[in-house]
> 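Handing you this structure, nothing more for now.
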Amino acid sequence: MKTFAADRFAPNDTELSTLRNMIDGASILVTGATGTFGKVFVAKVLSQFNPGRLIVFSRDELKQYEMQNTEPYRSNADRLRFFIGDVRDAGRLEMAMHDVDIVIHAAAIKQVEAAEYNPFECIRTNVLGAQNVVEAALRNGVKRVIALSTDKAVSPINLYGASKLASDKIFVAANNLTGNMPTRFSIVRYGNVMGSRGSVIPVFRRMINEGADSLPITDPRMTRFWITIDQGVNFVLSSLVRMQGGEIFVPRIPSMKVSDLASAMAPHLPQRVIGIRPGEKLHEMMIPEGDARTTVRLGDCYAILPAYSFWRDKDAPPLQAGELMADNFSYTSDNNNEWLDIPTMAAFLQDQAM
Ligand SMILES: NC(=O)c1ccc[n+]([C@@H]2O[C@H](COP(=O)([O-])OP(=O)(O)OC[C@H]3O[C@@H](n4cnc5c(N)ncnc54)[C@H](OP(=O)(O)O)[C@@H]3O)[C@@H](O)[C@H]2O)c1
């Protein structure tokens, strides 16, 4: 079905052929490539395209070693480079980006509580790391950079969200610095990735497996946006084709109540309301009303357009060709026209063994 279809947001035939021209023979660097997003992105690029070089950039050698020794990465060793580095280290990033054409920036500290407890660390990785990625990309003449963002960056109430908002601002404004260079920076923003490391699905799964007699629910009204990792990767690939610099691309994805998710995972277990935790919202927001006037709808997604766009290629089709949203438009997880129901989610989780 469409909601969970692995090919949802996949590039269409025209976009695929543009992507082939862009990626085949090219060098791609992915920061945070050993994470949930990075591994699937790298696998998809290896299976669908023929990049000359794909650089896995992250800190932990064990995660890199394990990735290096599993399929499909093992059998693509000739095209993969395992580069140990920290996005906080500007010199290392600059070295890693030599002759790189495309950068996908996925490295982040993303646990809300860890960011609250370790604010300096969060800012160094998510904000200063973003600045380092921008500067290294500019110095090396990288052609396209996409940075991943989150719904938590919109009207943030925790430091993780605030640091990603700062990162978004850095990447949009980076286009101001490009002069006559071809480098363009854009953002992809989406909601909860089902089953990603540290997310609620693996937490509920562990509790159920350990024989919990109830599942904790912060608030029965709480809603979240949901996307599968395949869909997130597809969307980044399509955005690589659509980007002209400075857009924040937001896929149109379903919402679900967290209590319905718990029912889908454990229909037999009662739910225990524990109250909203500090730094959590009842509902998430992907596009605030304040951005409505610069937001266009492009089929399966929205694009928040940048306030300035003097760097755009004058011959490229204008993104404004999309439908401009009304002044009072906002896109929030409780005000969505696509909802996940319990049986659909239960079937998907069973199918994915989550
Ligand atoms: N998961 C979600 O639900 C979700 C939703 C919306 C947006 N996002 C965004 O999507 C991106 C990817 O998320 P994910 O779920 O794939 O995260 P993840 O599974 O936690 O992976 C994070 C990756 O970043 C690397 N990393 C962390 N700090 C680093 C540093 N200082 N320098 C270099 N690499 C570093 C980690 O490897 P090492 O620890 O070895 O360095 C790992 O490879 C993030 O920007 C996140 O904000 C995620």
Side-chain angles (χ1 to χ4, degrees), residues 29-44 55-68 73 82-93 96-97 103-115 118 120-133 136 145-154 156 158-168 170-171 187-203 224-233 235-236 239 248-251 253 258 261 284-286 333 354:
L29 179 141
V30 184
T31 70
T34 55
T36 304
F37 170 88
K39 282 198 286 195
V40 177
F41 180 85
V42 170
K44 187 156 281 203
I55 303 161
V56 170
F57 186 98
S58 63
R59 298 164 306 169
D60 174 21
E61 65 172 334
L62 179 62
K63 284 202 234 42
Q64 289 200 1
Y65 174 81
E66 285 168 355
M67 184 170 171
Q68 222 164 345
Y73 317 104
F82 285 86
F83 212 103
I84 290 183
D86 192 320
V87 294
R88 301 170 182 195
D89 181 345
R92 187 69 178 153
L93 259 181
M97 280 191 211
V103 169
I104 307 296
H105 178 46
I109 284 188
K110 62 159 207 192
Q111 298 299 329
V112 170
E113 281 165 20
N118 305 284
F120 299 157
E121 298 306 301
C122 170
I123 289 167
R124 287 168 73 192
T125 295
N126 293 1
V127 183
L128 301 182
Q131 178 185 354
N132 291 337
V133 169
V145 180
I146 284 194
L148 296 194
S149 178
T150 159
D151 47 11
K152 294 187 173 57
V154 180
N158 55 53
L159 184 64
Y160 167 55
S163 68
K164 294 295 278 191
L165 174 62
S167 167
D168 291 357
I170 287 170
F171 280 101
I187 291 157
V188 161
R189 174 185 289 163
Y190 49 63
N192 286 13
V193 173
M194 280 188 284
S196 65
R197 291 196 314 172
S199 70
V200 64
I201 291 177
V203 171
R224 288 293 180 262
F225 287 109
W226 296 97
I227 188 168
T228 72
I229 190 60
D230 283 315
Q231 295 172 346
V233 167
F235 190 65
V236 168
S239 300
I248 301 176
F249 292 104
V250 175
I253 52 179
V258 178
L261 170 69
E284 292 290 359
M285 186 182 279
M286 211 95 84
S333 60
M354 274 184 198

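In each ligand, atom 1 is the first atom listed, and ligand 1 is the first ligand listed.
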> Any donor-acceptor pair under 3.5 Å linking the side chain of T31 with the backbone of A106?
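Yes: the side chain of T31 pairs with the backbone of A106.
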> Spell out, as yes or no, whether a donor-acceptor pair under 3.5 Å connects the side chain of R189 to the backbone of M286.
yes
> What is the nearest protein non-hydrogen atom to atom 31 (N) of ligand 1, stated with its residue, atom name and distance?
D86 OD1, 2.9 Å
> Does S167 use its side chain to pair, donor to acceptor, with the backbone of S163 at less than 3.5 Å?
no
> Test side-chain contact (heavy atoms from CB on, under 4.5 Å) on F37 and V193 and set out the steps.
CA-CA 9 Å; F37 170 88; V193 173; over 6 Å; no
> Parallel, tilted or perpendicular, judged at 30° and 60°: which one describes the rings of F57 and F83?
parallel
> When you look at W226 and I201, which way does the side-chain contact (heavy atoms from CB on, under 4.5 Å) test go after all the steps?
CA-CA 11 Å; W226 296 97; I201 291 177; 4.3 Å; yes
> Looking only at distance, does G35 have an N or O less than 3.5 Å from an N or O of ligand 1?
yes
> To the nearest 0.1 Å, how far is atom 36 (C) of ligand 1 from its closest protein heavy atom, and which atom is that?
T34 OG1, 4.2 Å
> Identify, by atom number and element, the atoms of ligand 1 in contact range of N192, meaning under 4.0 Å from any of its heavy atoms.
3 (O)
> If you scan the protein for heavy atoms around atom 48 (C) of ligand 1, do you find one that is closer than 4.0 Å?
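Under 4.0 Å from atom 48 (C) of ligand 1, zero protein heavy atoms found.
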> Nearest to atom 27 (C) of ligand 1, what protein heavy atom do you find, and at what distance?
R59 NH2, 3.4 Å
> Quick one: does any side-chain atom of R92 pair with a main-chain N or O of I84 as donor and acceptor, under 3.5 Å?
yes
> Of the backbone atoms (N, CA, C, O) and the side-chain heavy atoms from C-beta on, which set of K164 has a member under 4.0 Å from an atom of ligand 1: side chain, backbone, both, or neither?
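Only the side chain of K164 comes within reach of ligand 1.
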> Quick check: do M67 and V42 have side-chain heavy atoms less than 4.5 Å from each other?
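A side-chain contact exists here, since the closest heavy-atom pair is under 4.5 Å.
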> Please check: side-chain N/O of K164 versus main-chain N/O of K110, any donor-acceptor pairing under 3.5 Å?
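No: the side chain of K164 does not pair with the backbone of K110.
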> Which residue holds the protein heavy atom closest to atom 38 (P) of ligand 1, what is that atom called, and what is the gap in Å?
K63 NZ, 3.5 Å
> Identify the two heavy atoms, one from I55 and one from A96, that lie closest to each other, and give their separation to 0.1 Å.
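The answer is CD1-O, 3.6 Å.
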> Using a strict 4.0 Å cut-off to heavy atoms of Y160, name the atoms of ligand 1 that fall inside it.
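Going through ligand 1 atom by atom, the ones under 4.0 Å from Y160 are 46 (C), 47 (O).
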> Relative to the heavy atoms of G85, which atoms of ligand 1 are at a distance of less than 4.0 Å?
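This gives 32 (N), 33 (C) as the contact atoms.
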> Please say whether more than 12 non-hydrogen atoms of neighbouring residues, nucleotides or ligands are located less than 6.0 Å from NZ in K39.
no
> Indicate yes or no: at least one non-hydrogen side-chain atom of R88 is less than 4.5 angstrom from one of E121.
yes
> For ligand 1, which atoms sit closer than 4.0 Å to a heavy atom of S149?
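Those atoms are 6 (C), 7 (C).
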> Polar contacts were defined as any N/O atom of the residue lying under 3.5 Å from an N/O atom of the ligand; does this apply to G38 and ligand 1?
no
> Of the protein's non-hydrogen atoms, which lies at the shortest distance from atom 25 (C) of ligand 1, and what is that distance?
G32 CA, 3.5 Å
> Taking non-hydrogen atoms only, is T125 closer than 4.0 angstrom to ligand 1 via side chain, backbone, both or neither?
side chain
> For atom 4 (C) of ligand 1, what's the nearest protein heavy-atom neighbour? Residue, atom name and distance, please.
V193 CG2, 3.9 Å
> Return the residue, atom name and 0.1 Å-rounded distance of the protein heavy atom closest to atom 20 (O) of ligand 1.
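Here the nearest protein heavy atom works out to R197 NH2, 3.0 Å.
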> For ligand 1, is G232 a contact, meaning one of its heavy atoms is under 4.0 Å away?
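It does not; every heavy atom stays at 4.0 Å or beyond.
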> Starting from atom 1 (N) of ligand 1, which protein heavy atom do you reach first, and at what distance in Å?
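Among all protein heavy atoms, the one nearest atom 1 (N) of ligand 1 is S196 OG, 3.0 Å.
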> Evaluate D60 for polar contact with ligand 1, using N/O atom pairs at a separation under 3.5 Å.
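For ligand 1, there is an N or O atom that lies under 3.5 Å from one belonging to D60.
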> Can an N or O of H105 be found at a distance shorter than 3.5 Å from an N or O of ligand 1?
no
> Can you tell me if E113 has over 12 outside heavy atoms packed within less than 6.0 Å of its CD?
no
> Indicate, as side chain, backbone, both or neither, the part of A147 found under 4.0 angstrom from ligand 1 when only non-hydrogen atoms are considered.
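Neither; no heavy atom under 4.0 Å.
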> Would you check the N or O atoms of A106, main chain and side chain alike, for any that come under 3.5 Å of an N or O of ligand 1?
yes
